[in-house]
Amino acid sequence: YAHRRGTTGNYADNLEVDALIVGAGFGGVFVLHELRKLGLKTVIFEAGNDLGGTWRWNNYPGARVDSEVPEYEYSIPEVFKDWTWTTNYPNYQDLRDYFAHVDKVLDIKKDCAFDSVVVDAQFNESEGKWTVKTEDGRTAKAKYLVVAAGFAAKRYIPDFKGIDSFKGVIHHSSFWPEEGVDVKGKKCAVIGTGASGVQISQEWGPEVGSLKVFQRTPNLACPMGKKPLTREEQQSSKKHYPRLYELREKCFGGFLFSWSERSTFEDNYEEQEAFYHTLWDHGGFGYWLGNYKDMLFDPKANRRAYDFWAKNVRNRIGDPRKRDLLAPLEPPHAFGVKRPCLEQNFYEQFNRSNVDIIDINKTSIVEFKPEGILTSDGTLHEFDVIAIATGFDIVTGGMTNMGLQSVNGTPLKEEWKSAANTYLGTTISGYPNMFHLYGPHGPTLLSNGPSSVEVQGRWIADAIKKIHREGLKFVDPTPEASVEWKKKINSLSDISLFPTTRSTYMGGSLPGKAFEQTNWAGGIPAYKETIRAALPEWKGFRVV
Ligand code: N01
């Protein structure tokens with residue numbers, strides 16, 4: 001965490017609060033705001049040095065959100081009232097500025113302890129409190145613990161042989177130096193073609209001396225549809241925002257669109273083409289979560305959507321070898337079971353003679369050398385700068401790497417070795433009065449972040465309010481409820497094509513990690529209804 005260090009914020013040893021939140025991104029800040037309304041003394045522990053969560057950490061070249069504003073912001077009127085964006089897809093700096101605005105309006109930082117890396121946390125049933133310890137040896141106690149660590153809190157760097165011997169500049173995408181890296185005229189490499197790798201490659205293409213992108217699986221990226229936004233158009237539509245924020249919770253992914261009501265083959269070929277074109281030309285995730293309703297379920301419908309994707313992307317790549325690697329005629333996996341990146345001119349970069357794609361399935365990375373990377377065909381690729389864009393210990397990694405233990409003292413890391421288990425995607429059996437959001441078994445990676453965070457954050461605040469009102473010591477989901485929830489998570493996923501491929505939804509890149517669905521695949525409206533139904537009678541909870 002070293003180079004995100006700076007201010008320490010409000011942080012005393014032996015802190016005693018009502019609620020302690022871990023993480024100062026969209027989730028943690030929203031829950032703080034909600035718990036303040038209940039009059040609870042609440043503090044956020046944040047590993048970094050400022051607000052913003054993923055946008056504090058991810059400042060790699062080209063880092064930009066893939067969800068549109070104003071969907072991708074809080075529905076809090078005093079926050080949106082005086083805030084305007086310059087584009088519909090803000091970059092990391094815009095989002096940092098947004099968090100500074102949120103702080104100005106809601107005075108968030110006065111209740112934040114920065115540079116506070118949680119390394120140990122356990123609930124004591126007789127005391128009815130959590131004891132939380134930080135890396136620098138401080139302790140805090142709280143009746144409630146809210147884990148808002150996000151889905152990308154623990155970076156993953158593959159165990160490449162000789163990586164430390166490389167003499168040039170090398171960084172993981174989520175740990176890029178604040179001052180940037182000069183790549184003008186330099187020999188550069190990007191390893192990984194997830195959203196981070198695609199964005200870095202797209203940004204670097206015009207600047208670098210040469211670029212080699214090491215690809216394991218092609219990213220089935222779709223056009224972003226980025227455009228400028230004026231202050232006037234945003235201000236004049238603010239009166240509709242409350243309705244818009246209600247609407248986003250009624251749409252599958254928490255965006256402002258949902259699946260088509262039609263199935264693919266209810267339309268003839270021309271109608272399909274016209275529909276696909278409308279989605280494609282508009283840009284954004286419409287071609288993914290606004291496609292025909294059978295696209296993620298029926299292999300034939302999915303293949304049809306893939307073929308349209310491939311036709312449109314292949315047209316943009318001149319070199320046949322590069323074209324076949326980036327957008328093969330045969331799908332590498334079903335379309336949309338890996339999150340498609342939103343790109344602006346990613347594919348055009350490969351029309352430059354100094355930008356190349358290397359298929360590491362054919363020529364694998366053997367080892368790093370001081371000069372660069374040696375591949376299995378015996379080539380030593382020389383580099384000045386390497387970006388490692390190999391992702392994260394996705395979804396569960398934030399929670400399993402902060403020393404959380406059950407009441408019996410079993411580390412969560414051990415309990416979740418073969419499978420993650422939660423109840424409602426917000427609680428874990430054996431972890432009384434602990435709540436989590438935008439993590440395992442919520443809509444998380446299948447949703448627009450702020451929509452998920454608000455649905456779960458309000459539920460958490462209501463649960464805590466109810467505990468208070470009823471004078472309870474704690475609530476703890478039963479193991480049986482947790483088993484049932486796991487079945488629900490799996491059954492929603494098993495009817496889809498998601499389990500056909502390893503992906504960030506199904507365990508991610510980390511070798512040895514369980515192959516399992518870690519997200520609620522039933523959409524935000526059904527999720528909201530399901531978790532809401534459990535609250536009035538504490539269904540599935542042991543109540544003490
Ligand atoms: O990481 P990823 P990310 N050798 O896990 C490859 C979201 N996000 O940082 O597909 C070589 O998606 C791996 O290959 P494969 C994003 O949506 C959003 O890009 O497993 N390569 C893959 O290509 C996602 O949910 C935004 O075969 C290896 C890449 O590395 C999450 O954050 C921006 C490898 C990892 O892709 C993470 O995205 C950025 C190895 N040993 C991220 N291991 C926006 O809002 C893995 N790979 C725009």
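Note that the structure is a prediction, hence the values are computed from the model and not measured. Whatever order the structure lists them in is the order used to number ligands and atoms, beginning at 1.
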*Could you pull out all residues at least two apart from Y89 that satisfy ring-ring contact (aromatic ring centres under 6.0 Å, His included)?*
none
Contacts under 3.5 angstrom, residues 322-332 side chains, donor-acceptor by atom type, not counting sequence neighbours:
{"residue": "K322", "atom": "NZ", "partner": "F350", "partner atom": "O", "Å": "2.8"}
{"residue": "K322", "atom": "NZ", "partner": "R352", "partner atom": "O", "Å": "3.4"}
{"residue": "K322", "atom": "NZ", "partner": "V355", "partner atom": "O", "Å": "2.8"}
{"residue": "R323", "atom": "NE", "partner": "I317", "partner atom": "O", "Å": "3.0"}
{"residue": "R323", "atom": "NH2", "partner": "I317", "partner atom": "O", "Å": "3.3"}
{"residue": "R323", "atom": "NH2", "partner": "G318", "partner atom": "O", "Å": "2.9"}
{"residue": "D324", "atom": "OD1", "partner": "R314", "partner atom": "NH1", "Å": "2.9"}
{"residue": "D324", "atom": "OD1", "partner": "R314", "partner atom": "NH2", "Å": "3.0"}
{"residue": "E330", "atom": "OE1", "partner": "R303", "partner atom": "NH1", "Å": "3.2"}
{"residue": "E330", "atom": "OE2", "partner": "R303", "partner atom": "NH2", "Å": "3.3"}

_According to ring-ring contact (aromatic ring centres under 6.0 Å, His included), who are the partners of F498, at least two apart in sequence or on a separate chain?_
Y505
Tabulated below should be the N or O atoms of ligand 1 paired with protein N or O atoms at under 3.5 Å; can you produce that?
{"residue": "ligand 1", "atom": "9 (O)", "partner": "S196", "partner atom": "OG", "Å": "2.6"}
{"residue": "ligand 1", "atom": "10 (O)", "partner": "T217", "partner atom": "OG1", "Å": "3.4"}
{"residue": "ligand 1", "atom": "10 (O)", "partner": "K338", "partner atom": "NZ", "Å": "2.5"}
{"residue": "ligand 1", "atom": "17 (O)", "partner": "R339", "partner atom": "NE", "Å": "3.3"}
{"residue": "ligand 1", "atom": "19 (O)", "partner": "A195", "partner atom": "N", "Å": "2.9"}
{"residue": "ligand 1", "atom": "19 (O)", "partner": "S196", "partner atom": "N", "Å": "2.9"}
{"residue": "ligand 1", "atom": "19 (O)", "partner": "S196", "partner atom": "OG", "Å": "3.2"}
{"residue": "ligand 1", "atom": "20 (O)", "partner": "R216", "partner atom": "NH2", "Å": "3.0"}
{"residue": "ligand 1", "atom": "23 (O)", "partner": "T193", "partner atom": "N", "Å": "2.9"}
{"residue": "ligand 1", "atom": "23 (O)", "partner": "G194", "partner atom": "N", "Å": "3.3"}
{"residue": "ligand 1", "atom": "27 (O)", "partner": "R216", "partner atom": "NE", "Å": "2.9"}
{"residue": "ligand 1", "atom": "27 (O)", "partner": "T217", "partner atom": "OG1", "Å": "2.5"}
{"residue": "ligand 1", "atom": "30 (O)", "partner": "A389", "partner atom": "O", "Å": "3.3"}
{"residue": "ligand 1", "atom": "43 (N)", "partner": "R216", "partner atom": "NH2", "Å": "3.4"}
{"residue": "ligand 1", "atom": "45 (O)", "partner": "D66", "partner atom": "N", "Å": "3.0"}
{"residue": "ligand 1", "atom": "45 (O)", "partner": "D66", "partner atom": "OD1", "Å": "3.2"}

*Answer yes if the side chains of R56 and N49 hold a donor-acceptor pair under 3.5 Å, and no otherwise.*
yes
*Compare every heavy atom of P340 with every heavy atom of F285, then report the nearest pair and how far apart it is.*
CE2-O, 3.3 Å
*Y92 and Y60: aromatic ring centres closer than 6.0 Å?*
no
